[in-house]
Amino acid sequence: MNRPSLVAAVSTLALLWAVAPAVAQDAQSLRIGANVNGALTDGDAKASADEYRYDDYRFEARAGQRLEATLRSDAFDAYLEVYADGAAGEPLASDDDGLGDGTNARLRFTPEKAGTYVLRARTLSGLDGGDYQLSLQERPAPPRAPRPSGIRVGASQSGELTARDPEQDDGGRYDAYAFRANAGDRFVVTLDSEAFDPLVRVGRMNGPDFVEISSNDDAPGGGLNSRLTFTAPTAGEYVIRATSLEDGLGRYELGLAEAPPAPPSKPIAIGDEIKGELGSDSATNDGGQRAETYRFTGTNGQRVAIEMKSSDFDAYLTLRRASDDTVLAEDDDGAGSGTDARIARTLDADGDYIIEARGFSDEAEGDYTLKLTETAPPPPPTTASLGQKVEGEIADDDPQADDGKHYDAYVISGTEGQRVQAILRSGDFDAYLEIGKADGEFEALASDDDGLAEGTDSRLNFTLPSDGNYVVRAMPLDAESKGLYSLELLDRGPEPKPGSLLVGSTVRGTLSNSAAMSDEGAFFDAYRFQAKRDEKLRLTMVSNAFDSFIDLGKEDEDGDFTSLATDDDSLSDAHAKLDWTAPDDGWYVVRARAYGPNQMGAYALTVARQPASANTPSPENPPMIMNPK
């Protein structure tokens, strides 16, 4: 494993055992305001079916914080995505060529709530990769937007986008027009231009912030002009933004007209299973897609499951509240069996609800079945304690998660800052773990698929954000699997604080199960040391028990670690050596860690000035490891 040392603002190492693109499983910490020099290499993670390579970076953001990430590369077509930490599925935002200078990406993103997010730097497609430069910056507050112009229903408005117009959060100039509507009113908004690719957005103002409700790029049936059918969910003032898809400027024509009534919904009762067909004579939804809608009556607190199956097309479901047309849930492949869809939902009010059954693509056609059932509320979780090992079985009569997976649930108690670990093993199914708060509707705060790195077993490490009870769900990765399992619940105590060492000294220690753990699942001990600007240091780490790995970086006031340089095998196949020059005066943190997960044992770490003295460890004369802590 003789690999060169990587010296960068943030390490681009992605461990070779990562085989699935689970969001943030191998993410490096990234500070807002940082610039990263990295590379996508053969060892980096790949999306399923070898679609693209990527590096993930985890960062903390405030609600409403205006952020801009840029990804530049001369080696590949750059693409950026941002995800909620631990979430899978569709990204919250993405960008391909937002910088407008070729194949470089610029993603502008404003989080709706404070939390941890993951920025993914990737190729648009393919596995070629290469060097890149990544930046994550906070954008200044925008100037106050001018008051929108008025537009009447049934009128059209000529306009022009210029460089003097206000700019949107995600880039691009716009003109704004306001109109009033009653709840349930339906409108058609058109935006035509020969100068740019039109994009029309409709939303409402929340103070100075525009909150989008719906948008359209290309009118149904083809072409670049926009046509949006929109139903007002509540009475009040709405705002149309006339803008372009790729920062274009020029003349346009905007129209606002009444839309015809929506096609009537077919009745469906809880317990019904209906056979339907999508075809050329099917109704279309506001987005111009073939769709059939069904109406049912439910009660507050009632839990329902909606399943749509088809062997002819990829099924897609939407559940809306009939009174205000609010979308409550959407699903593509939640039934867990390929391209079938499933929604499980606890209704939040008495009244009517609308199910929209359609295909994932606009051209979908063929037969389908739609089933609506009432499901029992999930049983209370089994009480468990940290340090306990339980054995169980996933069976057909177990409760189902919203995505259709059967699960067993266990509730544990803990305190803020406590590190807990759950290990799920099974010889019958691919194990999957989730953890969430015990209060209210379950929402996963963290999840894991193959974190044990030993095949298909899971290991989930989680630091409790507050005192209280938490639910651990043990389940298969797919909805069809069943079988026996064992679950270990471990208390890893509080996060260890870095120790201290002096330049010129050697520290001997032991990595154990209670050590800190990296995002990749590798154990490490951390040590703080002080260095002066331009001071040249040599760090060496040797171990006869595991493959040594040095990760050198800095910690911010919140304890978040940013890697500056790493080394694996520069001293030998299993020993690490890092020659490094301090960029500034200050305190630095070195992580003495194992290269892979689950590796433990004794080690020796030396931090010394260059050039190395005669006593510096070498492959021919490694130090004796005695009295490990």
Side-chain angles (χ1 to χ4, degrees), residues 15-26 45 48 86-89 305 333-338 340 342 344 375 378-412 414 419-436 438 442-462 470-492 513 517 519-523 596-600:
L15 301 180
L16 297 176
W17 58 81
V19 295
V23 173
Q25 286 297 309
D26 55 358
S48 59
D333 298 325
S337 54
D340 296 331
R342 183 179 192 272
T375 63
T382 302
T383 301
S385 58
L386 296 174
Q388 183 178 1
K389 181 176 181 179
V390 298
E391 295 184 347
E393 181 178 6
I394 301 298
D396 287 330
D397 57 353
D398 282 329
Q400 286 181 279
D402 289 352
D403 56 6
K405 300 172 186 174
H406 293 275
Y407 68 88
D408 286 343
Y410 300 87
V411 62
I412 57 174
R419 296 180 305 156
V420 298
Q421 182 180 90
I423 299 175
L424 180 64
R425 303 177 190 269
S426 176
D428 295 331
F429 56 80
D430 190 352
Y432 190 76
L433 282 167
E434 292 181 337
I435 188 170
F442 179 84
E443 181 179 357
L445 299 174
S447 60
D448 180 79
D449 174 17
D450 298 325
L452 203 57
E454 295 177 349
T456 58
D457 295 331
S458 297
R459 177 178 61 189
L460 174 62
N461 291 286
F462 184 67
Y470 292 82
V471 172
V472 177
R473 284 185 171 183
M475 66 182 72
L477 183 63
D478 64 86
E480 284 75 31
S481 295
K482 312 289 187 299
L484 301 173
Y485 67 85
S486 68
L487 174 66
E488 294 179 78
L489 300 169
L490 304 173
D491 179 7
R492 303 190 65 238
N513 193 48
M517 184 178 291
D519 293 332
E520 303 90 353
F523 294 113
N598 310 321
Q599 297 178 4
M600 294 178 283

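One is the number of the first residue; the rest follow in order along the sequence.
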Counting only N and O atoms by type, is there a donor-acceptor contact under 3.5 Å from the side chain of [X] to the main-chain atoms of [Y]?
X	Y	value
His406	Asp398	yes
Ser458	Asp449	yes
Ser426	Leu484	yes
Asp448	Arg459	yes
Lys405	Leu477	yes

Exercise for review: Would you please test Val390 and Tyr410 for side chain to side chain contact (heavy atoms under 4.5 Å, CB included) and show each step?
Suggested key: CA-CA 10 Å; Val390 298; Tyr410 300 87; 3.9 Å; yes
Any side-chain heavy-atom pair of [X] and [Y] under 4.5 Å:
X	Y	result
Gln388	Glu488	no
Leu460	Ile435	yes
Ile423	Leu490	yes
Pro476	Ile394	yes
Pro597	Phe523	no
Thr375	Gln400	no
Thr456	Asp450	yes
Tyr470	Leu445	yes

Exercise for review: Given side chain to side chain contact (heavy atoms under 4.5 Å, CB included), test Glu434 with Phe442 step by step and report yes or no.
Suggested key: CA-CA 10 Å; Glu434 292 181 337; Phe442 179 84; 3.4 Å; yes
**Study point:** CG-NZ distance between Leu487 and Lys389, expressed to the nearest 0.5 angstrom
**Key:**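 That separation rounds to 10.0 Å.
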**Study point:** Sequence-distant partners of Asp408, side chain to side chain donor-acceptor pair (under 3.5 Å), two or more places apart
**Key:**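 Listed in chain order: Tyr485.
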Point to revise | Non-neighbouring partners of Arg492 that pass side chain to side chain donor-acceptor pair (under 3.5 Å), sequence neighbours left out | key: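 With neighbours one apart ignored, the set is empty.
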Which atom of [X] lies closest to which atom of [Y], heavy atoms considered:
X	Y	answer
Val471	Ala409	CG1-CB, 3.9 Å
Met475	Phe429	O-CE1, 3.8 Å
Leu489	Ser385	CB-O, 4.1 Å
Gly483	Asp428	CA-OD2, 3.5 Å

Exercise for review: For Leu433 and Val472, run side chain to side chain contact (heavy atoms under 4.5 Å, CB included): C-alpha distance rounded to whole Å, both residues' side-chain angles, the deciding distance at 0.1 Å, then the answer.
Suggested key: CA-CA 7 Å; Leu433 282 167; Val472 177; 4.0 Å; yes
Point to revise | Lys/Arg N to Asp/Glu carboxylate O, Lys482 vs Asp396, below 4.0 Å | key: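 Yes, charged N to carboxylate O under 4.0 Å.
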